[in-house]
Every structure is written in structure tokens, then in C-alpha cells.
**Student:** 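What follows is a structure written as C-alpha cells; I'll ask about it next.
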Number of protein chains: 2
Amino acid sequence: MAEKQVYFFGKDETEGNGKQKALLGGKGANLAEMASLGIPVPPGFTITTDYCISYLKDRKISDDLKNEVAQAISKVEKVMGKKYADKDDPLLLSCRSGAKVSMPGMMDTVLNIGLNDETVLGLVKQSGNEEFAYDCYRRLVQMYCDVVMGVDGEKFEDAIDALKSDVGVKLDSEFSADHLRTLISTFKSITKEECGIEFPTDPVEQLWGSVEAVFRSWDTPRAITYREMNRFPHDMGTAVNVQAMVFGNMGENSATGVAFTRDPSTGEDFFYGEFLVNAQGEDVVAGTRTPQSLNNDGRHRLPDGSPAKDMETLEEIMPEAYKELADIRDTLEKHYSEMQDVEFTIQDGRLWMLQTRTGKRTGISALRIAVEMYNQKLMTLDQALMSVDPEMHLDQMLHEQIDPDAELEVLGLGLPASPGAACGEIVFTAEAAVIAAAGKDVVLVRKETSPEDIDGMNSATGILTARGGMTSHAAVVARGMGKPCVAGCGELIVNSAAGTMEIGGKTFKAGDEISLNGTKGHVINGLAPLVAPNLEDHNLTTLMGWADEIRRMKVRTNADSPDDAKQAIKFGAQGIGLTRTEHMFFGDERISKMREMILAENVEGRIKALAHILPMQQADFEGIFRAMNGFPVTIRLLDPPLHEFLPTSDMTEKIKSLAGELNVSYDHLVQRIDALHESNPMLGHRGCRLGLTYPEIYETQVEAIIRAALVVKGEGVDVQPEIMIPLVGTVKELANLRTMAVELADKLIKDSGTDLSYLVGTMIEIPRAALLADQVAEHADFFSFGTNDLTQMTFGYSRDDTKDFVDNYIRKGILPSDPFQQLDQTGVGQLVEMACQKGRTTNGDIHLGICGEHGGDPSSVDFCHRVGLDYVSCSPFRVPIARLAAAQAVIRNR
Amino acid sequence: MAEKQVYFFGKDETEGNGKQKALLGGKGANLAEMASLGIPVPPGFTITTDYCISYLKDRKISDDLKNEVAQAISKVEKVMGKKYADKDDPLLLSCRSGAKVSMPGMMDTVLNIGLNDETVLGLVKQSGNEEFAYDCYRRLVQMYCDVVMGVDGEKFEDAIDALKSDVGVKLDSEFSADHLRTLISTFKSITKEECGIEFPTDPVEQLWGSVEAVFRSWDTPRAITYREMNRFPHDMGTAVNVQAMVFGNMGENSATGVAFTRDPSTGEDFFYGEFLVNAQGEDVVAGTRTPQSLNNDGRHRLPDGSPAKDMETLEEIMPEAYKELADIRDTLEKHYSEMQDVEFTIQDGRLWMLQTRTGKRTGISALRIAVEMYNQKLMTLDQALMSVDPEMHLDQMLHEQIDPDAELEVLGLGLPASPGAACGEIVFTAEAAVIAAAGKDVVLVRKETSPEDIDGMNSATGILTARGGMTSHAAVVARGMGKPCVAGCGELIVNSAAGTMEIGGKTFKAGDEISLNGTKGHVINGLAPLVAPNLEDHNLTTLMGWADEIRRMKVRTNADSPDDAKQAIKFGAQGIGLTRTEHMFFGDERISKMREMILAENVEGRIKALAHILPMQQADFEGIFRAMNGFPVTIRLLDPPLHEFLPTSDMTEKIKSLAGELNVSYDHLVQRIDALHESNPMLGHRGCRLGLTYPEIYETQVEAIIRAALVVKGEGVDVQPEIMIPLVGTVKELANLRTMAVELADKLIKDSGTDLSYLVGTMIEIPRAALLADQVAEHADFFSFGTNDLTQMTFGYSRDDTKDFVDNYIRKGILPSDPFQQLDQTGVGQLVEMACQKGRTTNGDIHLGICGEHGGDPSSVDFCHRVGLDYVSCSPFRVPIARLAAAQAVIRNR
């Protein structure tokens, strides 16, 4: 490892830049970028992610690194005019993790490094504030012993509580220097007892202990789980940022805070933030003190009764520092062309920026920010489109909301930390959330959340906390997950031990039902009624309009009924890519005729039953065609194996009643059901195999499609039927069935005396069809990639059976993601690409689309764009997601 | 159609040749070839197969063809010195079909064309034989009205019988000219009545009627069925051969016969044939008269009591014609380098050859002919090797056979699932088979078999099932075991509860005796007499020796036990390509430990059960390694889903007893079994997926393999273990498991203080592994193509479920053959070829083989050779077939 591993940043010299996120982590790259912009950043240096990866192999710090770090520390000392851990005027350091992507709360931080019984005296001298200096020392010991030495943090909290009750104080800040010295001593004893070794007094040992602990925190179970949940690779590693300490807790002229350059919840263009006077950063996150609003605008927007409503703002207390911060806000938005999330500290009236990064936001907020920043010329059109995450942001917009007209019993009010509606049963622990969520919707209720709760938050449908602000852990994580959250609900009393909570004068226990309105901060009794989302939102329609102009691919929907089709049109669908006809057979009257058909002894019997089915199917198709006036409708002929329409052989009662209905003996029926049984129905007698074994079934369906099209055409509807033959694996399957369909359709059209165009094509869902796509294409007007089945067969995974080991594979990094959710581009994608290329060699006009569920997954949509598909098709609710993803694909691949 | 459609052949001018079989059909091409060789052939011409195909589209004869035919008839007239249908000295014509491949008896022939009430008088005059002339006329009317005009032939036979009884004669030849005139008149009346039109008297109309009838006969149902049965394409068409008639029935100096240039049954080098004096060809085939031996050698070889034993031979009756025929025999063998099957006619002492073609023969005969013709310098080594059909000829040689001369009562017909003969007492359960087999031969009769039946199948001498196809469990396992099997016998009704079966109108109970002919699919009443295969046969060993010298690919075997391994060595196997370890778990003691392992609640429980399994597996491997001294042994780690080792949830009694054994509650056990149930086990939790979920299983197996190898190496055995990881679909599956295997193996080897080389590789059986073979190959010492599963997933066919529609597909020409028997070279083969190429790009040393059942199929072996595999592996009994097929692949692709 001969390359440079340490990158310095500071006022006059900065070695990295904002583009080096992979090497320096997001935090490190942005610190370098801010320093270069002349923004006040405490000087420091970043140890690279490369070094982290190499460190984790043998867990040894090299001499090369030690030399590089020593040189960088000298530079920090020079800028700050202090020596590290000097006895008279000590420079102290912070040590923070920072991976390429943000993993909030997942990894470790150590502050105030360099303090010991000697250097603390220097800090006392320089600050003139004994309590401050010993509080810093106390924090170092507490953090170091927890994070680096692995002592259970609870023990320190207990010691603090014990001392508070001993000396009769309520807040940490009320401790005297003596109290703090006592605490430090207690902490050291606890550590000695737990670890068998002493808290290190050597500042150099402290620094390396902290750096190594941050590196190691990359591999903690919770960090691994977080990456798995977010599909982040495990081999990115984290950078370590070591910086000169600046203190927000040096007295009443000091403060610390976090801010968003726009409201992360609504997207409104005002400078949103919170701060605490005389505090270190961790105090803001911890939620034990109520943070104050950054500015007067923010305070006005607080709900009545909010504790901060009457508190002074930074704008009032420290107008100069606030002015500087507000200017930095403008600089950052202009520079990054994005809404930023910043951390700052004011030490004795002087502002220091500790972090900037793209701010997490809700769906509503993302849309408003994109539209407004484009209008303000802060974003280009491409940037505006790319700033909205189709999966996370749009998906939120498309979910149901609490009916605004319903009469609700609002139990209490909290902060509208993350918008949307959540209804479900109360759970009080993350573990309970994970277990219960398997079967039902649950709302996780906590005093406050911590990184240990991540799994539970992910499982819950919504999150409610008693403490914490808009930038508390619960709020930030919930917004990141797109889950509704009401945070800092002051009226809420959570009694975890008893498993109850009190709010609005009522007591609730686990299992009781509540609802959250995360948009308004309401906690509601019972399950609130929901209504469809508002698709008329101005920002949504504006952004989708931009997306529609830019995208090349059309977006269709998978819909099996006129209602679904109408819904999809509202979502912007440009046709139907997949109508499954089998769902139409499950109605009461229909299934009975279907069963009669299946159990018929001969072709005459089947034709007789099908004659009843034909008009019903025709009526279905007429409805869909009318709903899709002007758009193509792809109808897939019958696909599932016939036994799916029958009771299974262990359903004695059902079989008896069916036998009576069909007027056959019970034994005979059982025998027929047994004969249809398949060991692997996925690979069995289905799709076009049925169409070739029982031609009368497909003939009936083709007839129903063409007759329906002729009827609605007569009504003036622009009808564009596309007949899709499923599960083709050999060229002759398609050739034969196409001939059947075309002969029948042409005859019906000719007999009708009018004209009608229609297409006949096939699903590409069997690997062999992809391999022989050049030959298959000679008989197809279109290919529609059925990537669900194609994934099943290319991997050899049955979706019904493999969930457990696929989850296990993802956890172990064997699979990067669930291939049924994100298209496997390297394997299945190879077949898709091959089929596109081969298909075009023999049929230059062939129309290409996808109707597997991947059609609604943004990364898969990007792939579809790259291989040149003409359209994607997905479920109605994912149509807007696919529209935006298709536009982003154009931008990304331009 | 401007090309030449008519090819003349005759003494002085011949337009076609023997290579033009596709265009002229086999018969036409060989007639031209014989004519060119100066062999006496009645002059004539061939209308091409191309014309047939075009004719069948609109069923009209073009003017061009009429002109070409008229010119060709002129040439025939010139050679014969007669005019067609001349009143004084008529030239008559024959009209015979002849496709590229022989379809004996499938298509039509019309003889004596050109006769009518006038021309028959010319024939009387020229032959001086009124009975002969009217018999010819009678035959024409009978054949023409049947073949061309479609009258039911029975009606003519009835008329003949009626006349015989009227006039009191027994044989056709006893009819007087008057009788024959009466018959002709009767035939004409029948035809008029049946068809409404008259038998045509116009000779030109007769000729075209016959030609068109032959063309049309290509599309008769029986011809179509025959082609489907033999997998001949439907678009070859047939040629039509029109020739001058020569008459074997012109008197006592005329004759007709058929001959083989060598004995088709034994292969002995003597001129074998039969003839009839004063007869037309159809009389020989009809079998109403006893044919005489061609020569004295032939007569001597007849068994005593044969009617022809005392009859004169052609050699005696017509020594000159015989001498000429014997010379032609030599000419043909020398010219064709193959044993020939010929037809000839002697008209008034003059020999005419009507046909020559490669003669069909038995396995024994094929070997003897190949070896002797090579020794006689009549065949090159390549020709000798190519003259033996590995599938048809060798397979016959390798199984104990039912005495072909025995009289048998065939009760019913099933699929010839595994060749050979089995005789024994009926048993209906695997348990009964195990018990009974200790003392006697038993035939296991089941509706269908499952893995639970393995022990029983192993104990039985043959297997009969009512359900399932050529690739059903019973069939696959039986072939693997080399046990005769008749599968899917539709007529068989098994009543397990009553312990009886019904077939052929009889009811059998356990203990009754039956026999199976697995080569033919016959179920036979009682114990059929058997004859043993002779592996020491000189011709067999000679030919296999030649094959071994010429082939490039090695041939291994699939074997799961030391006994199988030893058997395979006898058949010439050069190692084991696939040892399935799961079969080893089905023994009584083992399955109990296996179940304990599967049902264990945690890893400790599994490890405890595995500790019992380890020494048993080790002992298995030791036995196999010893048997395979000096050859590589590929062992596949556990492949099937765990539920295959458990009773199914409807087996109440078995579960109760298992629950007792394992000391758990019945309900608990049912719950565990249900939890392991899979909808599509083929695509479920199996193969390396198990190895990653339960690492301890694969670790135990690797340990057993390496420990066994170390033990037998200590005994001086040359041991070459190859560890094979099944069902790999992602690179990391293999990478992780390879690391596990190598670390464990290296540790064990190091601890043993000796050294041992071993390989670690993978099956390529998941399409995705083939697509990513370049990456997979980086972690594999070898690829073994598991083409059974690869075929299942590439086609999306479950072998257990698709028999019915696959058979239907083959009948309809949608599939050329069963892809589980013959490798689908265009689809699955593409993946195999891709994997070979990609694999070699990243791992130039990678060893490539196949262990799917295709490894024993000759056409698939040819493919394996072409894509450059290093070896094929197949069941022991197919090893010689694969050895010869591999040699033929070299010759064919040179």
C-alpha cells in the first residue's frame, strides 16, 4: 500500500475534493469541498476507505500510516496554533466515521481525544471554565470506554443517574467540576473492572484506539444489517475523519445544531434547523433537551404547545453567527445544486461547519424541492429529475392517506417527522415489531429510538416517539425509510416495563390499535379510514410531465380488469403490457364452467363448456378495451396449469360438492385430480403447452379477444389488441399457435365485414426462447420479457420455495439483491440482451417490452432502457415510478 | 420448377447416381448406381422427391413433368425394343415409391401398368401364356383399384375366395384364363359400384394415376405415424420409380427373390437368400408359398424340419443366373463397402436386379460383419466402426436377453425404459422386495416409484410401473442400476391395497411369476427363458479396441457403489464422472440418522447426527476408490431437497413410527415435514443451497471423501478424488464452498502427514452458471455438465410432469426428440458450448465433462466431442455405447 492514505483539509490547504466520496467517504469529501469553498471548517484529515479495507484484513496499523498521520497532525496544529494534547493549551481531536454513503448512527465517533488528568488542566486554563473542561473529559472517558473498550454504556448512564440522585440535580449541566471528577473516576473504575485494563492516558494511544474503533465499527452486526437492508456493498469500507475539536459547550456564547437548507418534511424553501446553546452535537440527537428553532420563520411554523414555541432562536441570540450560517446555506445550495443537511458548532461566537451532505427528505418534499430549485435555476432539468428517488420518494406519494373528511379521535400531537398514514397494532420493542409484522401492520412506539431499533423500524408500518425533534434518530431514519413518523410527542408517556402507554387520557397496551398521521403529527385512536393518494399534486404533475418529455420508453401497466385499467390510466399508463386471463376464471359461475371444461372427457365436452366461457371472456375484454381507448392491450392466453382451478386432493368436502355439481362420482373426481397433479407445476403442463394440447382453449380465447375488439371498434373505440402466447420454448410452438390465431382472427374479421389490426407475439420467459430468439422472432410481432419466470428458470429458483435461502444469500453477500425484485443484469439480463439482439436480426420491426414485475423497479428499468426495450409494463401503482425511472435512465445513459 | 425432375437409368445411359438419395430416394439412387456399374437393371426413370413436395401442395401434375416423363418413356422403349402398351408387344411399367430412408411397407406400388382388354392380348401373344397374361392383368386391376382408386382390398380378396370355392381350386396359380377374366370383370364391377367411375383403360391415365397415388401415399396416416415413430422429417417426400416390367412369373424358367450379401442374423460371410419360381415379388413377401434357399450353403444351415430343407436351390435350378447373382453380390459389397439387401427377378432365365440397399442386421451380426469386412479389406477401419450403430447394435449385446426363439405370452406393452430381461416373482412394495430378494428374483411392481423405493429397486431384478415415462424415477434409476424396466404400462392396474395387479385380462398377486422385456417394453406371463450377453465376444472386443484407439474423449461412468464401479470397469469405464451421495443415505440405519440430522433443532443436533453418518460415507467412498484404482472418481455432494428423506405428510403411520424413533411428538413432526414441503422441489432448497444453509453437511461429506482417500492411498491404491459441488448458479456459491472444501481438505491432508491431490469443481446445470461460466471457472478445476437439470431449466420442463405433452410434441413435430434422451443441441447445447468457451477464457486448464444421461446417447456424445469435452460419463451399461459413439464422433467430424 504505497499510495497516499491521508488527505488533509483546512483553511489554506486542502488535498481532497467533493468528488472523492468513494475514497474519502461522504463526510470527508464534503469537508474537503467546504474547506476549498472557504467555508470555516475545523482543520483535520481523512484516512481513506482503501486503508479501512486493508486494515480490516489484519487489524494492524502500518508504520506508513502512522507517519502520514503525524505529518497531518502537524498541519492541524499549525492552522489551530496549538499542539495536540499540550499541557497548557491542548489541541483536542474528534474522530468520526464516514462511508461513501450515509449510514446514520451506525458507526462510531469519539470526541475530545487528547484529554487526560494533565491536559484537562490546560483546557481549564484556556477556557477559564472548569465545569466545561471536566465535562469534556467526562465525555471522552464515557465515549472511549464504550466505543473503543467495549464497556456496556448502560453502566455509565446508571452511574450518572446515581450521582444525580446523590447530589440532587436533574440535568447533566448542573454537575459541578467536583461531581464530574467523581464521575470520571467512577467511569475509570468501571472500565478497569469490566476490561481488566485502564483507560489510556496517552493521547497518541487514545487517537489510535479511536481510529481503529471506527474502522472496526464497519463490521459490527448492526452496521452489516443496515447495509444489507439498504443493499449497500460490504466492501466499501469507511473513511475516518480526524478533526480539531471545536466546542459548542464552552458556555452561553457557544452552541451546536443541525439544519436543512429547505424543510425536509414539506420541501418548503425556508432554512430549517434546530440548535442547543452550550451543548455538544450528541446532545441534539439524544433528545434529552428540547432544541430551539434556528430562526423566527421556523419558530412560527411550530405547532401550538410545542416546547420550543416560546424559546429564543439563533437568529435572535447570535445574529452574526446566524447571518454567516444563512449565507453558507445559499453558498452550499448553489454549489451542490441540492438541498443540504448540515451540522455546525459555534464556539465562543465563532461558527464552524462540521458537515454537509445531501439532505434526506420525504416524497412530498423531494418533489417540491426539485420543482422549486429548478424554477430558482438552482437545478438543471436533469438535476431536478435525478434528485427524486422513484422508488422511495414517489412510492410515498402513491400510497393511501388518512381520509381528511373522517371524524377522528386525535389523542395527541407530535412533530410531523415523516409524512403519510400508518395504522396498526401497538408494539413497544423492535423485536416485537419484527415478529408481529410478519402477519399484520404494527406501529412501533418508543420513548426514543436508537440504532439498535433499525430492524424493528423497518418492520413497522409507522413510528411514534415521545422524545426527540425533527432531526432525532427516529425522524431521520423514518424519513429515510419513507415511513410515517410522529416524533417528540410530549403528551405521550411510554412505560416500556409495563408494556403500556398513556396519551389523551387513555391507556393503551400492546396489540391495541392506533393510527399516525405523519404529515400532521397526529396520533389517532383506532384504525383511521384511508383514501387514495392525491395525484393532482402540482409538483408531482410538473415533475412527471418533465419525465414524460425526456423518456424514450413507453410505460404500460399489468391489469386484469377494467377497474385496474382505469386506475392505471390515471397513473399515466400508456397501454396494458399484460392482461392475465386466468384471474377472470375465478368468479363463481366461471370457475364452475372452467372445471367442467377441465374435467370433460373429450374435446366435445371441453368445447361445450368453453362455449359458456366465451361470452364472459369477451365481455371482460370489451371492458378493458374501452378503458384503454387509444392504447394497446396485450392479452396473454391461459397460462397456469389446469389443476390450479381444481380443489387439491386433500379437500374432501370441496371435492364431494364439486362431484355433485358435475354429476360424477367422488372416486372418479379424485382420480382425475390425482392425474392432473404435478410434482413441479412451475415446469409443468401450462402456458402454450396447454394451447397445443387443447387447441380449443386458445381458440376460444382468441375468438373472445377478436370479437370483443370488433364490438368496441363498432362503438368508435380505438382498439389495439395484442395476443400474447406464453411459455414458448420452441420455435414451432409459436409458429403453430400463431398460425391458429391468425387464421381464426382473420376469418372473424373478414366475416364482420370491417377491418381490425392486431398483433401476435410471445412472452420470452423460458431460457431456451431467449437462446433461439432469432428463430422465434420470425413468428412474433413482439417479445414481452416475462422476467419473473425467466428469473425462476435461469436461477433454478422457485419463487414459492426459495425465500428463506434467498434472504440468507443476500445477508451473506452471495446475492446482491433479490433477483425477483431487481433484475439480475449479469445472468438473466444476458438472456434478455441476447434475445433483443437476436430477435432484431431476423425481425427488424419487432416490438420489445417487459411485463415481469421488474418493469416497476428503477434499476431494472434502467437496464431495459440500455438494452433498447420499447416499453416497460408494471402494476398500476408503480407506473409513475417507472415513468420517472425511464426518464432518469435517459439522463444516466446519455 | 424449372429444374430437371426426371432421371433416366438403363444399360447405356444413366443420369443419377448413388449419392443422390435425398433427391432420388434410396431405391432410385441405388438403381442408377447399379445401372452405372453395368449390373442388369430394368430401364426406367425416377421422379424426384422435390417434385413430390411440390406436388403435394396443389396435387397437380405439371406439363413440364409430363414432357419429361414422355421423353424418359421413349428411352425405356428404345432400350427394351418395345412400345409402351403396344397392342402387339406391349412394354409394361411398374411404379414404386422410394424415399431417402427406407419405410418398408409404408407406401404404395402398382405393377403391370399399361394392360387393358386390348394390350393383354399382345402380352398373350408375346408370352404364349394366356394364364400369365391375364394374371398380370388381374393383378394390375386389383392393385390399381385398391391403391389408386381407394377400393377396400378385402372386397377383392373375398371375390377371389368366392371364385376359388365356386370352381374348386386352392391356389391363385390354379386359376384358368377364363377364371381370371371373370375375376377381372368382377373387380371392375366392384370398383364401379364403390367409386362410381370405371377402371381406366387408357395406359397414360393408368401411369399418371399410379404416379400420383405414390406421391399421395407420403401423406397417409400410417406413413405419417411411421415417420413420427422413427423421427423422420415429414418434408423429405418420396421419389417415384417407373421401370420396365420384368416378370418372375412368366413360367418355370422365371423366378423372383430377395437376398442379403451376408447373414443378417449372425453376420456370417455367406450369401443368404430366398426365392420362388414363377412368382412376382409380392408373393415372396406374402408368405403364402414356402420360399427356397438361394444356394446349397443356405439350405444346409436350415434347421431340420424346415420345409425348404428338401427343396432345390437356385444354384441347382438355374446355375447360370445364380452365378451371375453371386458375382453381383461381390461387386456390390466391394462397391458399397457394406452388407447389401437385394431384390432380383429372373425372367425366362435372364437376371434383373430390382433393388439394393444396406441390409438391416442384429447386434451380433453388425459386429461380425464389421470385423470380417475390415479383415477382408472390404471396409476401412472408419467404415467398420461407422457400420455398427452404438444405440441399436451394441445395446442388444450388453444385456441378458429373453431367448428370441421362445414362445411367450405377452400380457401388455409399456415403455422400454431400461433394456434387458427380468424374470421373477411379483412384489408390490420396496420392503417386500428387500426381504424377498434375499432368496429369489423379484420384479417390483409399483404405480410409480419414489426415492423411498431405492433399496427395493436395488433388490429387485426388474421394475414395472403403471405410470411415468422414459425419464421417470423408475426409468432413470433402473437404467442407472442397469436393471430392466418397463415403465408407464398403461394397461396395468395396480391395486396396492389388495396386493394385486391386473393386466392382459388376468389378475396377479404377490408371488406370481412374470417377466419383463425391457428392450421391447413387453410384460410377459411366467418366467421367460433367458440367454446371457457375451462380453468376451471376439468381434465385440476387437471393435471396441479399434474404437478406443481412435476416440479422443474419455468415457467414465455414473456409479454410486463399489459393485457398480466394478461392473463399469468391466465395460471399459475410465473413471467415475458422477457418484451421487444421496443414494447412500437410504439404507435402513442411515436414513434414520439422516432424518435425525434433518429434524435436528440446531447446528449441534445436526453435527451429532452427521458424526454417525461420516464413517458410513467414508466406508462407501473407500470401496469406490478401491474399485476405481488408477482412475478419477467425481463425487457430488448432497443434491436433493431434505424432504425427500422424510415421509410425506399423508403417511400417518410412517410419521408416527418416525416420531417414536426420534422421540418427538407426532404433531411436531408433521409440522416440521410441512415446513420442509416445497411447491416446486426441482427449483427449491437443494444442491449447494443446502451446503450454504447447513455447512456442516458438506463439511462432513468433504471430510469423508478426504479421509477415505487417505486410507486407500495408504493401502497403495492410486486414488484421484474429485469433489463436485452441485447446482451452482452464482459465482459466490462456488467460491465460498470451494474455500470451505479446500481449507478442510488441506488441513486433513496436512494432519495425515502424507500428500494427496484432489480437484474441486462444479456441475453446470443451472442456466445462469453457463451464462457466467467465465467467472465460475475461476473457482473450478472442472465443469461437469449436468444436462438433465440443465435441460429441465432451459426448457422449463419438469421431467416428472411433462411426459404426456412431450410425447405429444414429438408426434406433432414440435420437438424432434425427447430432450431428456437426446441433448437439445440448438438450445441447451448453446449453453453448453457457451460455458465451454467462456470457461476456457479464464481457466485454460479446466477439465470438461458431462454426467447427465445424455453422456450415453450417441448423438449427444457426438455433440460433446464437437464442443471439446474431455470426457462423457454414463451408466455402466452404456459405457461401451459411449466408447463407440466417441470414436464415431472423431470419424464423423474429421
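Reminder, nothing fancy here: chain letters follow the sequence lines and each chain counts from 1.
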**Student:** Below 4.5 Å from any heavy atom of chain B, which atoms of A:L727 appear? Answer side chain, backbone, both or neither.
**Tutor:**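 No part of it gets close to chain B.
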**Student:** Any chance CD of B:E491 has more than 12 other-residue heavy atoms, nucleotides or ligands included, within less than 6.0 Å?
**Tutor:** yes
**Student:** State, to 0.1 Å, how close A:H677 and B:D801 come at their nearest heavy-atom pair, and which atoms those are.
**Tutor:**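 Answer, listing the atom of A:H677 first, then B:D801: O-OD1, 4.5 Å.
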**Student:** Quick check on B:T730 against chain A: is it the side chain, the backbone, both or neither that has a heavy atom closer than 4.5 Å?
**Tutor:**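 Side chain only.
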**Student:** Could you look at B:T826 and say if it's the side chain, the backbone, both or neither that has a heavy atom under 4.5 Å from chain A?
**Tutor:**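 Both backbone and side chain of B:T826 come within 4.5 Å of chain A.
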**Student:** Less than 4.5 Å apart, any side-chain heavy atom of B:H685 and any of A:D804?
**Tutor:** no
**Student:** Where the side chain of B:N680 meets the backbone of A:S798, is there a donor-acceptor pair that is under 3.5 Å apart?
**Tutor:**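 Judged by distance alone, no pair lies under 3.5 Å.
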**Student:** Rounded to the nearest 0.5 Å, what separates atom CD in B:E678 from atom OG1 in A:T802?
**Tutor:** 8.5 Å
**Student:** What closest approach, in Å, do B:L692 and A:K812 show between heavy atoms, and which atom pair accounts for it?
**Tutor:** O-NZ, 2.8 Å
**Student:** What part of A:F805 lies closer than 4.5 angstrom to a heavy atom of chain B: side chain, backbone, both or neither?
**Tutor:** side chain
**Student:** Less than 4.5 Å to any heavy atom of chain B: does that hold for the side chain of A:Q830, its backbone, both, or neither?
**Tutor:** side chain
**Student:** Of all heavy-atom pairs between B:I814 and A:K732, which one has the smallest distance, and what is that distance?
**Tutor:**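 What the structure gives for the nearest pair is CA-CB, 4.0 Å.
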**Student:** Within residues 766-773 of chain A, which residues come under 4.5 Å of chain B, heavy atom to heavy atom?
**Tutor:** A:I766, A:P767, A:R768, A:L771, A:L772
**Student:** Side chain from CB out, backbone as N, CA, C, O: work out which of these in A:D824 comes under 4.5 Å of a heavy atom of chain B, or both, or neither.
**Tutor:** side chain
**Student:** Answer with side chain, backbone, both or neither: which region of A:T794 has an atom nearer than 4.5 Å to a non-hydrogen atom of chain B?
**Tutor:** both
**Student:** Quick one: of B:P681, B:G684, B:S679, who has the most non-hydrogen atom pairs under 4.5 Å with chain A?
**Tutor:**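 Of the options given, most contacts go to B:S679.
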**Student:** Which atoms of B:L815 are under 4.5 Å from chain A, going by heavy atoms: the side chain, the backbone, both sets, or neither?
**Tutor:** side chain
**Student:** Among the options A:P641, A:G796, A:G813, A:G729, pick out the one with the most heavy-atom pairs lying under 4.5 Å from chain B.
**Tutor:**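 Of the options given, most contacts go to A:G796.
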